[in-house]
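Because only heavy atoms are used, hydrogens play no part in the values below, and waters and symmetry mates are left out as well, while side chains stay in. Quick caveat: nothing in here was measured; it's all calculated off a predicted structure. Labels below follow one simple rule: chain letters A, B, ... track the order of the sequence lines, proteins then strands, and each chain is numbered from 1.
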Amino acid sequence: MTDTHTDTTVELPHHPSPRAAGCPFDPPPALHALQIDKPLTRVRIWDGSSPWLVTRYDHVRTLLGDPRVSAEATRPGFPHRSAGQQASNRARRTFLNMDDPEHARIRRMVTAPFAVKRVEALRPSIQKIIDDLIDQMLAGPKPVDLVQAFALPVPSLVICELLGVPYEDHDLFQRNTKVIVKRDSTPEEVLAATTVLADYLEDLLAAKQVRPEEDLLSELVTKRVATGEMTLRDAAHMSVLLLGAGHETTANMIALGTLALLENPDQLALLRTADDPKVVAGAVEELLRYLNVTHSGRRRVAREDIEIGGEVIRAGEGIIFANEIANRDPEAFAGNPDELDLTRDARRHVAFGYGVHQCLGQPLARVELQAVYSTLYRRIPTLALATGIDQLEFKHDGFVYGVYELPVTW
Amino acid sequence: MRVTVDQPKCVASGQCVMLAPEVFDQDDDGIVDLLTAAPAPEHHDGVRESAAVCPAAAIHLADR
């Protein structure tokens, strides 16, 4: 068995590699080259280890669907995203880093509110949140930062309602989530931010034990903690995950998606005039594929030797799935996959991952994005960037890609 | 077309319910419920797409 830490003499490409200057929507060119020349290859990551990097769409789906591929972050060889995330993965276990059957048991405790019909029932209140925020924006001064005025509040308000978290506390959870999803955050910073959030949510959960309401946190304490299936602290950690995943990813899709559409006015026009919900739904899938904001990829470790594509991934070797480039694989997507084409059939993208860990909140994210993209550019048809695209700061250092600020005017 | 679903494998991604609501539903926990094992021809495309995108490969199709 190859030890991932001993082959330091081999010159391996460093991962992650930078995006090309002036191409903020495209994956790093090095990933493109690897997909063509060496779709399964070893790379060097931050801690000196050398996990596999998977860049082809069919390999990504095959391996992420393979039960021999483990999400257990405590296994040796697991390729953590950063020192901070390594510390966090060691300090708390959530279902993101468990394998079946344990993973399935825990995940099923929180799947109910994300069922399609329950999410559809939220559509009117999501629409109202969007309309109200646009009203406020139009009544206020311009230019305005779309991230703070709209992109971040929409999913934050929605997930707060679903979980039963008071939105007044948004500064606390947004600020600490920012620390958790930043690559350069130190282990101390990540652990401190996680503890603040877990303590905050544990207090909320404890209050709901006394006075349960109609929300997911109440459901967790009355159905899972009360029955001894889960400790209050585990429920708190799970809530940290849902709250963070529920606002950070969608917020980036809203802001970065708006920028991509402003840069592709013909596509924006198509969306602005679309009357068919199916056209809007298709556009959301294409934006998810094209932008793939979860650009730090999926992380796994092999528990057995796995033969694939003429290579053997040995038990104990780490695997990084570069979904952002898999979503640009010309073998999987017709036409030019590097173009944003809202009419493309993009439904089979892997932006939400693949396999049993595929995003739990995807029905909610889809409804939020459909409502946002079908409303914002109609209500503000003259929406425009208030600065040059080259002036924007992109989240190269984030686990979720996007823009830090998006100054817009109309 | 004959459809079967593997409920223990289902991870409640809900995509089949969006693609073929006449054929698939979800129970209270979001787990797939098969409404009909023999869908009408006009729903076959949606069922095929559902099987293709199902992240847990929990939908199986057979020609009858």
Between R347(A) and Q15(B), a side-chain donor and acceptor under 3.5 Å: yes
Within 6.0 Å of CD in E214(A), more than 12 heavy atoms from elsewhere: no
Heavy-atom pair with the smallest gap, counting every atom of P363(A) and S13(B): CG-O, 3.5 Å
Under the side-chain contact (heavy atoms from CB on, under 4.5 Å) test, residues paired with E331(A) that sit two or more places apart: D329(A)
Side chain / backbone / both / neither for P8(B) at chain A, heavy atoms under 4.5 Å: backbone
Pairs of heavy atoms under 4.5 Å with chain A: top-ranked of P21(B), A57(B), C54(B): C54(B)
D28(B), CG atom: more than 12 neighbouring heavy atoms under 6.0 Å: no
Minimum heavy-atom distance between C10(B) and R108(A), given as atom pair plus value: O-NH2, 3.0 Å
Distance-minimising heavy-atom pair for R61(A) and A52(B): NH2-O, 2.9 Å
Closest-packed option against chain B by number of heavy-atom pairs under 4.5 Å, given R348(A), R366(A), E120(A): R348(A)
Pairs of heavy atoms under 4.5 Å with chain A: top-ranked of I31(B), D27(B), V53(B): I31(B)
Considering all heavy atoms, the nearest T111(A)-D29(B) contact: OG1-O, 2.5 Å
Closest-packed option against chain B by number of heavy-atom pairs under 4.5 Å, given L360(A), V116(A), V356(A): V116(A)
NZ/NE/NH1/NH2 to OD/OE distance under 4.0 Å, K117(A) and D25(B): yes
